[in-house]
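A short worksheet on the structure shown next.
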Amino acid sequence: MTSDRVRSYWNALETFLYRSDQYSALPREKLGNAAGLVVKVLGTVLQKDTIPAIERAAYIQAKHSFSPDFGVMAWYLRSTGDDNHSFAAAHGDVNDIASFDQLANVFGVGAKWNVGDKATVSLDYGQNRTDFGRYMNGHTIYENHEAGNSTFDFGGRASGGTPHFWVARVDIGKSDTDKPGSWNAFADYKYFQHGSTFGGNGTEGVPDRYMDGIKSFTVGGGYVPAKDILLEAFYTFDAKGIGKRDTLYGSENFSLGDYTRIQATFRF
């Protein structure tokens with residue numbers, strides 16, 4: 001009889017705590033904080049891939065014009081003095097640790113063609129040939145996994161191929177703040193595999209998150225309503241992931257929403 005009363009008491013206490021904690025079955029963090037204890041939990045932690053910033057780099061570029069309307073270029077960028085960066089990937093009950101001390105070893109080529117007096121077509125291509133880039137361009141290994149099921153085992157991370165990027169762009173016209181009424185318009189297609197870009201993309205109308213592991217279209221234009229004033233608008237659409245991203249249910253394809261930017265530049 002006593003054991004039944006004790007059992008009923010603990011069941012009532014458990015029910016009270018369960019309801020007071022919004023019906024959460026996780027360990028009570030508040031109880032651990034009050035008791036000065038660390039509540040250990042075995043589970044899965046999703047962590048966003050972060051491409052470290054390049055602190056220092058060497059850069060060289062060469063250009064050659066085959067005619068007044070057509071030219072090519074080649075360039076090379078190599079980061080220098082990089083810190084050691086380590087990344088953990090779950091593998092069973094432990095983590096595989098990968099460390100890299102070289103972030104960027106990028107080779108690029110490009111071409112530009114002037115079509116008449118108003119239009120320009122350009123194309124750029126490049127690769128980041130580092131182990132870090134290939135690691136970022138890889139994927140998590142899921143074992144014993146069925147689509148839509150959150151039960152699986154982790155097998156570490158597999159490196160991918162050398163991440164590359166390319167951009168095709170058409171420009172028409174040219175906005176000149178010294179010439180009221182001048183204008184320009186452009187359209188481009190961008191393809192940047194994860195691990196091929198390091199931010200600060202210089203595209204003005206597109207944030208970095210629309211460049212990292214993303215393919216997308218952008219259209220935009222500018223207009224000079226008066227001397228020293230430039231109005232510009234950009235619209236990026238159909239932004240989709242090139243590879244899959246990890247979720248609580250395994251890896252899934254993803255897309256981003258459209259992005260619009262309007263800006264005004266005043267020259268003093």
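Computed from a predicted model, the values in this text were never measured in an experiment. Positions are given from 1 along the sequence.
- In the hydrophobic clustering of ILVMFWY residues, with side-chain heavy atoms under 4.5 Å counting as a link, Met73 and Tyr59 come out together.
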Report task. Decide side-chain contact (heavy atoms from CB on, under 4.5 Å) for Asn95 and Ile97; before the verdict, give the C-alpha distance in whole Å, the side-chain angles of both, and the deciding distance to 0.1 Å. Result -> CA-CA 6 Å; Asn95 291 325; Ile97 305 298; 4.3 Å; yes

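- At least one donor-acceptor pair closer than 3.5 Å links the side chain of Arg56 to the backbone N or O of Gly81.
- The side chain to side chain contact (heavy atoms under 4.5 Å, CB included) with Val224 is formed by just one residue from the set Leu230, Asn184, Asp178, Ile229; it is Leu230.
- The 12-atom threshold is exceeded at CZ of Arg245, counting heavy atoms of other residues, nucleotides or ligands nearer than 6.0 Å.
- The shortest heavy-atom contact between Ala187 and Val219 is CB-CG1, 4.0 Å.
- When only modelled atom types and interatomic distance are considered, Asn144 and Asp153 share a side-chain donor-acceptor pair under 3.5 Å.
- Under a hydrophobic-cluster definition in which Ile, Leu, Val, Met, Phe, Trp and Tyr are linked whenever side-chain heavy atoms come within less than 4.5 Å, directly or via other members, Leu231 and Val206 are assigned to different clusters.
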Report task. Kindly indicate, with the supporting measurements, whether the criterion side chain to side chain donor-acceptor pair (under 3.5 Å) is fulfilled by Ser99 and Ser86. Result -> CA-CA 4 Å; Ser99 298; Ser86 297; 2.8 Å; yes

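- Phe87 and Tyr135 have tilted rings, their planes meeting at an angle from 30° to 60° on a 0 to 90° scale.
- Under a cut-off of 6.0 angstrom, the local environment of CG in Asn84 is crowded, with over 12 non-hydrogen atoms contributed by other residues, nucleotides or ligands.
- The closest donor-acceptor contact from the side chain of Asn128 to the backbone of Pro163 lies at 3.5 Å or more, if one exists at all.
- Under a 3.5 Å cut-off, the side chain of Ser79 and the backbone N or O of Asp82 do not form any donor-acceptor pair.
- For the pair Phe186 and Thr218, the minimum side-chain heavy-atom distance is below 4.5 Å.
- Under a 3.5 Å cut-off, the side chain of Gln47 and the backbone N or O of Asp49 do not form any donor-acceptor pair.
- Put simply, the side chain of Val106 reaches to within 4.5 Å of the side chain of Trp75, judged on heavy atoms.
- Looking at every heavy atom in both residues, Pro180 comes nearest to Pro225 through CB-O, 4.4 Å.
- Distance alone, capped at 3.5 Å, is enough to place a donor-acceptor pair between the Ser67 side chain and the Phe70 backbone.
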Requested in this report: Check the pair Gln102 / Asp131 against side-chain contact (heavy atoms from CB on, under 4.5 Å), numbers first and verdict last.
Outcome: CA-CA 8 Å; Gln102 181 72 55; Asp131 290 337; over 6 Å; no

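- Counted within 6.0 Å of CG on Asn11, heavy atoms from surrounding residues, nucleotides or ligands total more than 12; the atom is thus considered enclosed.
- Under a 4.0 Å N-O distance rule, the pair Asp176/Lys174 does not qualify as a salt bridge.
- Note that OG of Ser196 and CD1 of Ile51 are 8.5 Å apart. Values are rounded to the nearest 0.5 Å.
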**Report entry** Intermediate values then yes/no, side-chain contact (heavy atoms from CB on, under 4.5 Å), Ile214 and Phe254
**Finding:** CA-CA 10 Å; Ile214 305 295; Phe254 71 100; 3.7 Å; yes

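- Using a 30° and 60° split on the angle between ring planes, His64 and Phe66 fall in the perpendicular class, above 60°.
- Counting heavy atoms from C-beta outward, Glu252 and Lys244 have side chains that stay 4.5 Å or more apart.
- Here the closest heavy-atom approach between residue Thr80 and residue Ala57 is recorded as OG1-N, 3.9 Å.
- Looking only at side-chain heavy atoms (C-beta outward), Asp101 and Asp83 stay at 4.5 Å or farther from each other.
- When the side chains of ILVMFWY residues are joined at heavy-atom separations under 4.5 Å, either directly or via intervening members, Tyr125 and Val121 end up in two distinct hydrophobic clusters.
- No hydrogens or angles considered: nothing links the side chains of Lys227 and Thr177 as a donor-acceptor pair under 3.5 Å.
- Listed here is the closest heavy atom pair of Gly161 and Asn137: O-ND2, 3.0 Å.
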Requested in this report: Begin with the C-alpha distance, continue with both residues' side-chain angles, and end with the deciding distance and a verdict on side-chain contact (heavy atoms from CB on, under 4.5 Å) for Ile242 and His194.
Outcome: CA-CA 8 Å; Ile242 295 172; His194 192 37; over 6 Å; no

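- Ion pairing between Asp96 and Arg157 fails under the 4.0 Å rule for side-chain N and carboxylate O.
- Atom-to-atom distance recorded for Met136:CE and Asp212:CG is 9.0 Å, nearest 0.5 angstrom.
- Scanning both residues, Leu103 and Pro52, for their nearest heavy atoms gives CD1-CB, 4.0 Å.
- Here the CZ-CG distance, from Phe154 to Asp93, works out to 11.5 Å after rounding to the nearest 0.5 Å.
- Taking a 6.0 Å sphere around OH of Tyr9, one finds it holds 12 or fewer heavy atoms contributed by other residues, nucleotides or ligands.
- How far OG of Ser122 is from CH2 of Trp113: 12.5 Å, rounded to the nearest 0.5 Å.
- Under a cut-off of 6.0 angstrom, the local environment of CG in Leu46 is crowded, with over 12 non-hydrogen atoms contributed by other residues, nucleotides or ligands.
- In this structure, a donor-acceptor pair under 3.5 Å is absent between the side chains of Ser159 and Arg134.
- Ile54 is connected to Met211 through a chain of hydrophobic side-chain contacts under 4.5 Å among Ile, Leu, Val, Met, Phe, Trp and Tyr, so both are in one cluster.
- Here the two rings, on Phe237 and Tyr235, have centers that are under 6.0 Å apart.
- By the rule that hydrophobic residues join a cluster once side-chain heavy atoms approach within less than 4.5 Å of another member, Trp166 and Phe217 end up as members of one cluster.
- You'll find the side chain of Pro207 reaches within 4.5 Å of the side chain of Tyr259, heavy atoms only.
- Geometric assessment of Arg169 against the ring of Tyr189 yields a negative cation-pi assignment under the 6.0 Å and 45° thresholds.
- Counting heavy atoms from C-beta outward, Tyr210 and Leu256 have side chains that approach closer than 4.5 Å.
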Requested in this report: Test side chain to side chain donor-acceptor pair (under 3.5 Å) on Asp246 and Thr140 and set out the steps.
Outcome: CA-CA 7 Å; Asp246 295 332; Thr140 298; 2.6 Å; yes

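- Under the 3.5 Å distance criterion, with hydrogens and angles disregarded, no donor-acceptor pair is assigned to the side chains of Asn105 and Thr130.
- The aromatic ring centroids of His164 and Tyr191 lie less than 6.0 Å from each other.
- Applying the 6.0 Å contact sphere to CG of Leu123 captures more than 12 heavy atoms from other residues, nucleotides or ligands.
- Scanning all heavy atoms of the two residues, the minimum distance from Lys179 to Ser182 falls at O-OG, 2.8 Å.
- Taking the charged nitrogens against the carboxylate oxygens, Asp124 and Lys112 have no contact shorter than 4.0 Å, which rules out a salt bridge.
- Under the 4.5 Å side-chain criterion, counting only non-hydrogen atoms from C-beta, Gln127 is not in contact with Phe165.
- A 4.5 Å side-chain heavy-atom check between Ile172 and Trp183 finds at least one atom pair inside the cut-off.
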